[in-house]
Amino acid sequence: MPELPEVETVRSELAPWLPKKKVAAIRILHPRATRRNTGPSLRSAKNPIIGGEINSVNRRGKFIWLTFDRPYALIIHLGMSGQVLLPKSPAALSPHLRARIEFTNGKRELHFIDQRTFGYLALEELVEDPFASAEFDGQIPRSITHIAPDLLEVLNGKVLARSHKELNAMIRSRKSEIKRVLLNQEVVSGVGNIYADEGLWSAKIHPETRAHHLTEREVDRLLNALATIMARAIEAGGTSIDEQYKRVNGESGYFDVELDAYGRDGEPCSRCGTLIQRLRFMNRSSHLCPKCQKKG
DNA sequence: TCGAGTGTTATCCC
DNA sequence: GGGGATAACACTCG
């Protein structure tokens, strides 16, 4: 499911449920479900969050993490196909269920489902947030300290260590294509292939334009377009956990937002009517209007 | 049968 | 060392 708006939808759906819940057990059902764990093992029945009470549900970019009444965080990364569900009944277990968390108080379990297993859970120490966000009590999990603040954090002025203007300049200091820069989570996080295409279409910028050839104005237009599209997607993403549970896989419910470029190759551009093109790019696809988005 | 798919990162190379 | 490019991870669907 996962670019920033989809991950934020998951976070916001978990946020009313999880605080005050106490972890009774964590069952890892697939070897890759914890593979990037750099902290204590989640598989151990004595791991430090067993018995812990959840405090908060946080997100930066495409990463979610839970904090506890102890100095560890549980990272949830959805990868390409991950879902988090709180099923009402265990009857319809997904064949792609990779992990489940049981709570001492409350009948519902948390299920982590992931067809392609690019997602994972990880238990991590909390360290000081290098970007000094006004959120998260100044702490983030150790293994995501290299992930840049996400676009909404920057544009809302929540991070002290990176202003909108600094992000703009950082983007324009890069020599590679603008779409590569947008997808680099160490520059700005949360943007993936779909929203990159949508933002570039909206700002009328060709994805292969070298970032250092863009003007400050153009980059501003791009960042504002991305923020607008993502905010709209978050608003549209208000599907409930229960509804998601009825869906077959992580792709369902993902394209509720009206898209102008992504996946629309061969269809007319909604601005000028020229047919949307698809280009091969970084082992994936770029979608663009060849008339609106001239290569710069 | 083959290619393509929403993400991240290890590992090359320059 | 750093930045950049590429491959690899795994599974399903059209």
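A, B, ... follow the sequence lines: proteins, then strands. Residue 1 opens every chain.
- Picking from B/dG5, C/dA5, B/dT8 the nucleotide with the shortest atom distance to the side chain of A/Ser176 gives C/dA5.
- Between A/His96 and C/dT12, a side-chain N or O to OP1/OP2 separation shorter than 4.0 Å is present.
- Atom CD in A/Glu208 sits roughly 11 Å away from atom P in C/dA5 (whole-Å rounding).
- When the side-chain nitrogen and oxygen atoms of A/Gln185 are compared with OP1 and OP2 of B/dT8, one or more of them lie within a distance under 4.0 Å.
- When each of A/Arg264, A/Arg278, A/Lys179 is paired with A/Asp197, the salt bridge (Lys or Arg N to Asp or Glu O under 4.0 Å) condition holds for A/Lys179 and for no other.
- Residue A/Arg278 has a polar side-chain atom (N or O) positioned under 4.0 Å from OP1 or OP2 of B/dG5.
- Stacking between A/Phe118 and B/dG7 is present: the aromatic ring centre lies within less than 5.5 angstrom of the base six-membered ring centre, and the two planes differ by under 30 degrees.
- Nearest nucleotide to the side chain of A/Arg174, out of B/dG5, C/dG4, C/dA5: C/dG4.
- For A/Ile194 and B/dG7, the CD1 to C1' distance is 12 Å, given to the nearest whole Å.
- Taking only side-chain nitrogens and oxygens, A/Arg180 comes nearer than 4.0 Å to OP1 or OP2 of C/dA5.
- Ring pair A/Phe63/A/His77 is tilted by interplanar angle, where 30° to 60° counts as tilted.
- Here A/Arg98 does not reach the OP1 or OP2 of C/dC11: none of its side-chain N or O atoms lies under 4.0 Å away.
- A/Arg284 comes within 4.0 angstrom of a base, heavy atoms only.
- Across the protein-nucleic acid pair, A/Leu97 atom CG and C/dC11 atom P stand 15 Å apart, rounded to whole Å.
- In this structure, CG of A/Leu279 is placed 12 Å from P of B/dG5, rounded to the nearest angstrom.
- No more than 12 heavy atoms of other residues, nucleotides or ligands lie within 6.0 Å of CZ in A/Arg217, so this atom counts as exposed by the packing criterion.
- Of the two residues near DNA chain B, A/Arg116 and A/Ile147, the one whose nearest nucleotide lies more 5' is A/Arg116.
- Under 4.0 angstrom from either OP1 or OP2 of C/dG3 there lies no side-chain N or O belonging to A/Lys175.
- Heavy atoms from other residues, nucleotides or ligands lying under 6.0 Å from CG of A/Asp137 number 12 at most.
- Contact annotation: A/His146 side-chain N/O to B/dT9 OP1/OP2 distance is under 4.0 Å.
- Along DNA chain C, the nucleotide closest to A/Thr117 and the one closest to A/Glu177 are compared, and the more 5′ of them pairs with A/Glu177.
- A/Asn193 has no side-chain polar atom (N or O) that falls below the 4.0 Å cut-off from OP1 or OP2 of B/dG5.
- In this structure, the CG atom of A/Asn184 is 9 Å from the P atom of C/dG3, given to the nearest Å.
- Taking only side-chain nitrogens and oxygens, A/His77 never comes nearer than 4.0 Å to OP1 or OP2 of B/dG7.
- Judged by a 6.0 Å distance limit and a 45° cone about the ring axis, A/Arg180 is positioned over the six-membered ring of A/Phe281.
- Side chains of A/Asp260 and A/His287: no donor on one and acceptor on the other come within 3.5 Å.
- A sub-4.0 Å separation between OP1 or OP2 of C/dC11 and a side-chain N or O of A/Arg32 is absent.
- With a 3.5 Å ceiling on both atom-pair distances, C/dA10 lacks any Watson-Crick or G-U wobble partner.
- At least one side-chain nitrogen or oxygen of A/Ser285 sits closer than 4.0 Å to the OP1 or OP2 atom of B/dG5.
- Between the CG atom of A/Leu182 and the P atom of B/dT8 there is a distance of 14 Å, given to the nearest Å.
- Following rounding to the nearest Å, A/Leu4 (CG) and B/dG7 (C1') show an atom-to-atom distance of 14 Å.
- Note: CG (A/Leu183) to P (B/dT9) measures 14 Å, nearest angstrom.
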